[in-house]
Number of protein chains: 2
Amino acid sequence: MVQSKQEQILDVAEAIVRSRGYNAFSYADIAAEVGTSKASLHHHFATKSDLGLRLVTRFTQNVLQALDDIETVHSSALIKLREYARLFEGAMEENQMCLCGMLAAEHETLSEAMQVAVNDFFDGHERWLEQVLLSGRENGELEFDGEAKVHAQAIVSSFQGALLVAKSQRSMKRMNLVSSHLVENYRAKSS
Amino acid sequence: MVQSKQEQILDVAEAIVRSRGYNAFSYADIAAEVGTSKASLHHHFATKSDLGLRLVTRFTQNVLQALDDIETVHSSALIKLREYARLFEGAMEENQMCLCGMLAAEHETLSEAMQVAVNDFFDGHERWLEQVLLSGRENGELEFDGEAKVHAQAIVSSFQGALLVAKSQRSMKRMNLVSSHLVENYRAKSS
DNA sequence: GTCTATAGGTGGATAGAC
DNA sequence: GTCTATCCACCTATAGAC
């Protein structure tokens, strides 16, 4: 299956941003890796922030789709959380952050449209987690005190932070322990 | 008390890096804020990565000193953890990340000397937390399963991630809840 | 759609006067 | 130690031929 030029550009750009950040890449970097010219890239994405915005919306769609897939395939809340954790392992292995985690760090330097899109990612993402936590507590599978929303935010923070610190420490195995440990904390003690 | 020009430059640079990142600031930015010229900055810090390195070593000294102060003033492990959490609140309010958290995201774009210095920050930092967790568990004040080192990494990740996501979400009140919630998790149920 | 060429600006860094 | 002036590499973006 051959992907379109646009998708190819977005794939390369996403990998670079997740590794080095939005402010540390240029059209020249992408052109070199895709094997084309800077001007050609501008034909597909007129400005860098246009490219950045498409990057975020595509990423958000993909992640929310993956979460939907987890939702439909699995019924156990605990397994949903484990599958959620698995989504991060691949990124960790390639020493990449979550695209929106990286962009959150650079948030103040982004165009307004990109800032809003990054916020939307975290909103949708945390809403999904909140629902999983609520339904899991309801059927007795999960156990925790207080608002599910706060726990959802804590889980998101932990994973984003694990990816962040892993970029410096390169101790991915231990970070995997961290993430699995975090999820198992929510398992009901009685089950 | 009048601070030296060097300290003034470092203060301004640190604030910018913690807000916008290392790759999104220039000598021109600092010069404008300090009220001097780019050439004058180069007199104090010959290259940008020299400035960056001093930024990291100064920050690490300050943080490790603050942790030492907590260590000498307080004997309760739980209170030490709470004081640790307090260190992050100020940063959160100004919508700044931990300097080394920001630099961890940009890690691959930094000079080798800066990369090593950032690693050293996390090493020293996590060692301190590990010791607090171990001594707290020993005297029955704290309760947790498994290796203290893994828990120390999890706590560091959570705080770094909370600061990261807060930059996008600006929901600092909730992030404070997240951080306090995280610490109280370690309180012994019996006490 | 792709290219070469280039505009117009900013990056880090240096020379040399004061 | 501070400045102005300048270098050169690179940035985003555009013009215009093919």
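Keep in mind the model is a prediction, meaning the values are calculated, not measured.
Candidate nucleotides C:dC3, C:dT14, D:dT2 were compared by shortest atom distance to the side chain of A:Ala39, and C:dC3 ranks first. Minimum atom distance to the side chain of B:Tyr27 is reached by C:dA13, of the listed D:dG1, C:dA13, D:dT4. Closest to the side chain of A:Ser40, from the set C:dT2, C:dA13, D:dA13, is C:dT2. Nearest nucleotide to the side chain of A:His43, out of C:dC3, C:dT2, D:dA13: C:dT2.
Nucleic acid contact for B:Phe45: none, since no nucleic acid atom lies under 4.0 Å from a heavy atom of the residue. The residue A:Lys38 sits close to a base: some heavy atom pair falls under 4.0 Å.
Taking the six-membered ring for Trp and thresholds of 30 and 60 degrees, B:Tyr22 and B:Phe25 have ring planes more than 60 degrees apart, a perpendicular arrangement. Using the six-membered ring where Trp is involved, B:Phe88 and B:Tyr84 have ring planes that are perpendicular, over 60° apart on the 30 and 60° scheme.
Open room surrounds CD on B:Glu147; 12 or fewer heavy atoms of other groups in view lie less than 6.0 Å from it.
The distance between atom CD of A:Gln6 and atom P of C:dG1, rounded to the nearest whole Å, is 8 Å. Atom NE2 in A:His42 sits roughly 16 Å away from atom P in C:dA7 (whole-Å rounding). Rounded to an integer number of Å, the gap from B:Tyr22 OH to C:dG12 C1' is 10 Å. Rounded to an integer number of Å, the gap from A:Asn23 CG to D:dC10 P is 18 Å. Between B:Phe25 atom CZ and C:dT10 atom C1' the separation is 15 Å, expressed in whole Å. Distance, A:Leu41 CG to C:dG1 C1': 12 Å, rounded to whole Å.
For the residue pair B:Asn119 / B:Gln115, no side-chain donor-acceptor distance below 3.5 Å is found, with atom types taken as modelled.
Between A:Ser26 and the phosphate of D:dC11, there is a side-chain N or O to OP1/OP2 separation shorter than 4.0 Å. Side-chain nitrogen and oxygen atoms of B:Ser37 include at least one within less than 4.0 Å of the OP1 or OP2 phosphate oxygen of D:dC3. A sub-4.0 Å separation between OP1 or OP2 of C:dT2 and a side-chain N or O of A:His44 is present.
Ion pairing of B:Arg86 with B:Glu89 is absent here, as no side-chain N (NZ or NE/NH1/NH2) approaches a carboxylate O to less than 4.0 Å.
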